[in-house]
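The block underneath contains the structure these notes are about, expressed in structure tokens.
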Amino acid sequence: MGRARSDLGEGMSIVDLVHLSRSYGSDPEWVLAGGGNTSYKDDALLYIKASGFPLATITEAGFARMDRQSLQRIWDASYPRETQEREAAALADLMAARVAGEEKRPSVETLMHELFPYALVVHTHPALVNGLTCSHDGEAACRRLFGDDALWVPAIEPGYVLAQAMHTAAASYAERHGHAPRIAILQNHGLVVAADTGDEIDRLQRHVVDTVRRELAREPDMSVRLMDAELGSWVNRTRQAITAAIDATTDTEDVVFGTCPEVAARLESRSTFAPLAGAFTPDHIVYSGSMPLWIDDESDLDATLPAAIARYRDEYRVDPRIIAVRRRGVFAVAGSKSGSQTAYELFLDQVKIAAYAEAFGGARHLDPHLVAFIESWEVERYRKKMSTGGQ
Ligand SMILES: [Zn+2]
């Protein structure tokens with residue numbers, strides 16, 4: 001795509017990739033939970049973050065080595081039309097593109113990295129950028145703010161289908177501009193930045209974030225406040241009721257509670273909460289669930305909560321991970337204390353995105369058909385399993 005490939009990665013090495021990955025991976029502005037992935041490529045091999053290795057602490061051993069020729073054959077492969085068969089076939093080819101002896105599981109977004117003909121690719125899901133990608137005017141704002149510097153990618157099934165769509169869009173971008181895109185902004189998903197040096201990656205990332213930040217009307221107040229005694233005892237009682245109603249939770253300590261001024265403002269009523277009643281990106285579905293349970297009346301929860309949870313279970317076929325109680329706060333419950341903390345962290349990420357999206361015409365959730373796809377996506381289930389410590 002518009003460049004000689006013989007010098008790809010020259011002067012850079014996987015050491016640069018490790019450095020870059022740790023620096024972005026340890027900054028919550030850029031990376032939460034298992035989200036985000038990075039890669040380095042030379043002419044023959046792509047080194048891609050493997051599933052189960054957090055970027056913040058990753059070493060060279062956390063990257064899966066992929067044969068680029070095998071990856072490129074996937075662009076022209078024909079797969080079954082039926083969704084599950086197609087995903088299984090594409091996944092099998094992805095696994096087969098590992099170099100001999102490589103046993104780690106490459107990121108589900110590996111193909112997306114392959115299509116950028118630059119040595120380094122950093123893909124993240126930052127809340128600030130997702131304020132733009134998860135908004136009604138996101139596409140127009142992307143065009144207005146970044147013009148031809150960024151490729152806008154409409155929301156589509158993640159994984160193979162997304163990579164194919166980006167491959168086609170990037171090829172026509174390269175035809176128009178004489179070089180492949182260095183910035184891609186993915187609707188209801190996140191950001192991809194690609195370059196031949198770490199310094200250039202840093203510059204592009206800063207450019208995107210600074211440009212979006214200048215558009216914001218306000219910064220949400222996420223500061224944590226101390227609970228008073230009355231709230232504290234109400235929280236403890238409600239934790240017990242939640243633990244009793246949700247089988248997967250056996251210890252009240254596994255249920256996390258939180259609030260902050262921005263969350264409190266959302267909890268005023270069902271309508272102020274509406275921007276949070278749905279998932280913004282695949283990360284939110286994976287860690288916080290597709291839909292929070294809204295509790296309108298905080299009184300007598302010991303008696304009413306079991307029925308509310310049972311109704312939720314009937315409707316969504318899973319237990320709620322986020323329980324939002326009007327004018328009180330938010331409970332996260334996801335099997336273990338660390339799982340609940342991650343669920344709450346991703347809920348707060350949604351809260352920030354909803355606030356940032358106000359600058360771009362208001363929040364826009366993932367379409368229901370994409371939510372359904374992601375919920376049933378085998379690869380995402382695997383990622384969730386890895387992130388909660390399963391192997
Ligand atoms: Zn992603």
Side-chain angles (χ1 to χ4, degrees), residues 20-21 24-25 27-39 46 48-56 58 62-64 66 87 90-91 94 105-116 120-134 138 142 150-167 169-170 181-194 201 204-205 208-209 279-288 290 342 345-346 349-350 352-353 365-367 370-371 373-375 377-384 386-387:
L20 201 62
S21 305
Y24 285 105
D27 182 348
E29 187 192 353
W30 289 97
V31 170
L32 295 174
N37 40 65
T38 56
S39 68
L46 173 78
I48 178 78
K49 178 193 169 302
S51 294
F53 293 84
L55 285 176
I58 202 162
F63 291 91
M66 311 295 294
E87 291 301 313
L91 183 62
L94 178 66
R105 188 168 168 121
S107 160
V108 298
E109 293 173 316
T110 298
L111 272 180
M112 187 170 84
H113 287 252
E114 170 56 33
L115 70 85
F116 290 90
L120 295 164
V121 177
V122 172
H123 168 50
T124 52
H125 310 146
L128 187 66
V129 178
N130 276 336
L132 184 150
T133 78
C134 306
C142 178
L151 178 70
W152 171 261
V153 182
I156 195 170
E157 291 93 327
Y160 167 75
V161 175
L162 171 63
Q164 275 291 9
M166 286 180 72
H167 186 235
R182 297 183 181 93
I183 300 171
I185 295 181
L186 282 57
Q187 185 182 22
N188 287 97
H189 186 152
L191 172 69
V192 183
V193 161
I201 293 273
L204 292 168
Q205 299 262 81
V208 172
V209 160
F280 285 129
T281 75
D283 274 351
H284 302 122
I285 297 174
V286 170
Y287 297 105
S288 303
S290 305
T342 304
E345 201 181 339
L346 268 293
D349 188 61
Q350 298 225 66
K352 287 187 208 165
I353 290 171
H365 298 133
L366 270 168
D367 286 345
L370 289 175
V371 173
F373 173 86
I374 292 156
E375 282 173 342
W377 200 22
E378 186 270 335
V379 209
E380 285 292 348
R381 282 210 306 276
Y382 183 87
R383 184 153 75 96
K384 184 156 61 183
M386 297 295 283
S387 74

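Start at 1 and go down the list; that is how both ligands and their atoms are numbered. In this chain, numbering begins with 1 at the start of the sequence shown.
Neither side chain, Ser288 nor Gln350, offers a donor N or O lying under 3.5 Å from an acceptor on the other.
The structure places CZ of Phe373 at 14.0 Å from CG of Asp367, a figure rounded to the nearest 0.5 Å. Here Asp27 contributes atom CG and Gln205 contributes atom CD; the two are 10.0 Å apart, rounded to the nearest 0.5 Å.
Ring planes of His113 and His123: perpendicular class, angle over 60° (limits at 30 and 60°).
In His123, the N, O or S atom that comes nearest to the Zn ion (ligand 1) is NE2.
With the Zn ion (ligand 1) at the apex, His125 NE2 and His189 NE2 define an angle of roughly 110° (rounded to 10 degrees).
One of the N, O or S atoms belonging to Glu109 lies under 2.8 Å away from the Zn ion (ligand 1).
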